[in-house]
Amino acid sequence: MIVYLIKRLLSVAVTFFIVSLVIFLMMHAVPGGPFTEKDMPLSEAVKAALNARLGLDKPLWVQYVNYMAGVLQGNWGVPYQSPGETVISLLQQAWLPSLILGGSGVIIGAALGILIGMAAALKRNSWIDYLASTLSVLGLTIPVFVISMLLILIFAVWLNWLPASGWGKPERWILPIAAYAAIPLATYARYTRSAMLDTLNRPFVTALRAKGLSETRIIFQHVLRNSAIPMVTVFLPMFMGTATGSIFVEAMFRIPGLGSYFVSSITNRDYPLEMALVLMFTIGICFAYLISDLVYAWLNPRIRLGDDAQ
């Protein structure tokens with residue numbers, strides 16, 4: 001297990017540096033820069049001074065080395081659009097809305113998806129199964145910005161029950177959370193149905209029924225535990241992906257979260273902010289997969305991690 005953890009941590013470090021290099025090169029490959037837009041009311045001398053002050057006039061490899069040296073020392077830089085703050089202080093203000101809305105959406109969507117998937121598997125080929133399958137397909141195929149627009153149109157414009165956008169009061173959270181929950185709900189309904197049908201057809205379930213165990217005990221104590229293994233592998237990565245900010249949901253509902261900052265950093269060519277968001281997201285996803293593997297091994301003791309990993 002220790003050897004496995006060391007290998008995975010090394011792979012996280014390698015992934016971090018590869019992603020940082022690729023993103024850094026991609027950002028600077030696009031023509032222009034943060035102070036070279038035509039509509040920016042700055043003289044050429046001022047732009048040159050700003051580039052020199054921020055080190056943007058140095059060779060690209062020097063900029064990369066300086067940036068990574070700062071990151072390794074805990075200095076993620078200063079955002080160009082908010083020079084009075086640091087990247088970390090700016091993101092500290094933005095992570096809470098993304099975490100609350102994204103985390104709630106994933107948890108609620110996963111819980112409902114598991115219940116719907118269980119009902120579909122236990123009532124196979126019934127109207128419940130067909131309805132669950134239809135909801136899963138719709139949730140996975142309709143883009144999240146279309147779902148967001150439909151929620152705003154129905155509940156904010158037509159029914160006038162809820163505010164269409166904004167952040168602060170709890171009633172403003174309902175529609176974004178519903179939009180966030182659509183994909184987890186559809187994903188988990190589909191995963192749960194498939195996993196439970198596969199488990200229900202295994203010989204050990206037939207043996208448990210032959211022993212006289214109640215159907216409720218078989219489902220919740222044996223079938224659901226075995227079916228949970230593939231679902232665990234997608235929960236944490238999905239949680240990280242949603243909690244760190246959905247660009248479309250936050251843009252549609254005007255939420256000041258990480259997704260909004262990511263869009264503005266790309267639009268304004270704010271290199272430090274853009275790099276920080278991508279790298280933090282990369283670290284989060286890597287550790288989410290690591291934790292998923294550990295939970296996976298805990299749920300199924302036959303799986304061993306390390307040199308004899310199966």
Side-chain angles (χ1 to χ4, degrees), residues 2-95 98-99 236-237 240-241 243-245 247 257-291 293:
I2 295 177
V3 174
Y4 174 80
L5 286 175
I6 293 174
K7 288 181 178 178
R8 289 299 300 268
L9 291 176
L10 288 175
S11 71
V12 171
V14 173
T15 304
F16 179 83
F17 281 105
I18 291 176
V19 171
S20 69
L21 182 60
V22 171
I23 296 300
F24 191 86
L25 294 176
M26 288 178 62
M27 287 191 315
H28 289 81
V30 179
F35 309 112
T36 56
E37 300 298 331
K38 294 180 180 179
D39 56 351
M40 185 166 289
L42 295 175
S43 66
E44 292 299 325
V46 173
K47 292 177 183 178
L50 287 172
N51 285 330
R53 179 182 178 186
L54 297 172
L56 297 175
D57 57 342
K58 297 180 179 177
L60 204 55
W61 69 271
V62 176
Q63 294 184 42
Y64 176 76
V65 170
N66 291 338
Y67 176 77
M68 292 306 297
V71 169
L72 294 177
Q73 296 174 17
N75 179 13
W76 294 75
V78 176
Y80 297 158
Q81 303 302 316
S82 303
E85 301 180 87
T86 63
V87 168
I88 295 299
S89 65
L90 200 64
L91 295 183
Q92 284 176 342
Q93 304 169 18
W95 70 272
S98 296
L99 184 64
L236 283 176
M240 286 302 304
T244 48
I247 295 174
L258 296 176
S260 300
Y261 277 104
F262 188 67
V263 173
S264 66
S265 68
I266 296 175
T267 305
N268 299 320
R269 308 292 299 274
D270 199 329
Y271 299 145
L273 186 57
E274 190 176 349
M275 283 288 291
L277 285 166
V278 173
L279 294 181
M280 289 180 181
F281 179 78
T282 301
I283 294 173
I285 289 292
C286 289
F287 279 100
Y289 275 112
L290 175 60
I291 296 172
D293 288 345

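In this text, all values refer to a predicted model and were calculated from it rather than measured experimentally.
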Novice: Please name the pair of heavy atoms, one in V87 and one in P79, separated by the smallest distance, quoted to 0.1 Å.
Specialist: N-CD, 3.4 Å

Novice: Between CG of D270 and OG of S82, what distance do you get to the nearest 0.5 Å?
Specialist: 7.5 Å

Novice: What pair of heavy atoms forms the shortest contact from L277 to Y261, and how long is it?
Specialist: CD1-C, 3.9 Å

Novice: For a side-chain contact (heavy atoms from CB on, under 4.5 Å) check, start with the C-alpha distance between L91 and L273, then their side-chain angles and the critical distance, and finish with the verdict.
Specialist: CA-CA 9 Å; L91 295 183; L273 186 57; 3.7 Å; yes

Novice: Could you check if a side-chain atom of R269 sits within less than 4.5 angstrom of a side-chain atom of V30, using non-hydrogen atoms only?
Specialist: yes

Novice: Does E274 reach the side chain of I266, with side-chain heavy atoms less than 4.5 Å apart?
Specialist: yes

Novice: What's the verdict on side chain to side chain donor-acceptor pair (under 3.5 Å) for T86 and S89, showing C-alpha distance, side-chain angles and the deciding distance?
Specialist: CA-CA 5 Å; T86 63; S89 65; 3.1 Å; yes

Novice: Restricting to non-hydrogen atoms, name the atom on S98 and the atom on G259 that form the minimum distance, rounded to 0.1 Å.
Specialist: OG-N, 4.3 Å

Novice: Under the side-chain contact (heavy atoms from CB on, under 4.5 Å) rule, collect the residues that match up with V71, sequence neighbours excluded.
Specialist: F16, Y67, W76

Novice: Distance from I23 atom CD1 to T282 atom OG1, nearest 0.5 Å?
Specialist: 7.0 Å

Novice: List for me each residue that meets side-chain contact (heavy atoms from CB on, under 4.5 Å) alongside S11, sequence neighbours excluded, and say none if there are none.
Specialist: R8

Novice: Of all the heavy-atom pairs spanning Q63 and L56, show the shortest one and how long it is.
Specialist: NE2-O, 3.3 Å

Novice: Any non-hydrogen side-chain atom of F287 less than 4.5 Å from a side-chain atom of L9?
Specialist: yes

Novice: State, yes or no, whether a side-chain contact exists between L60 and L25 at a heavy-atom distance under 4.5 Å.
Specialist: yes

Novice: For V278 and M27: C-alpha separation, side-chain torsions, deciding distance, then whether side-chain contact (heavy atoms from CB on, under 4.5 Å) applies.
Specialist: CA-CA 12 Å; V278 173; M27 287 191 315; over 6 Å; no

Novice: Mind listing the closest non-hydrogen atom pair of P272 and V78 along with its distance?
Specialist: CG-O, 3.5 Å

Novice: Could you check V12 against L290 for side-chain contact (heavy atoms from CB on, under 4.5 Å), going step by step and ending with a plain yes or no?
Specialist: CA-CA 9 Å; V12 171; L290 175 60; 5.6 Å; no

Novice: Can you list the steps and then say if Y64 with S20 is a side chain to side chain donor-acceptor pair (under 3.5 Å)?
Specialist: CA-CA 9 Å; Y64 176 76; S20 69; 2.8 Å; yes

Novice: So, do K58 and N66 sit near enough that their side-chain heavy atoms are less than 4.5 Å apart?
Specialist: yes

Novice: Can you tell me how far CE of M280 sits from CE of M275, rounded to the nearest 0.5 angstrom?
Specialist: 11.5 Å

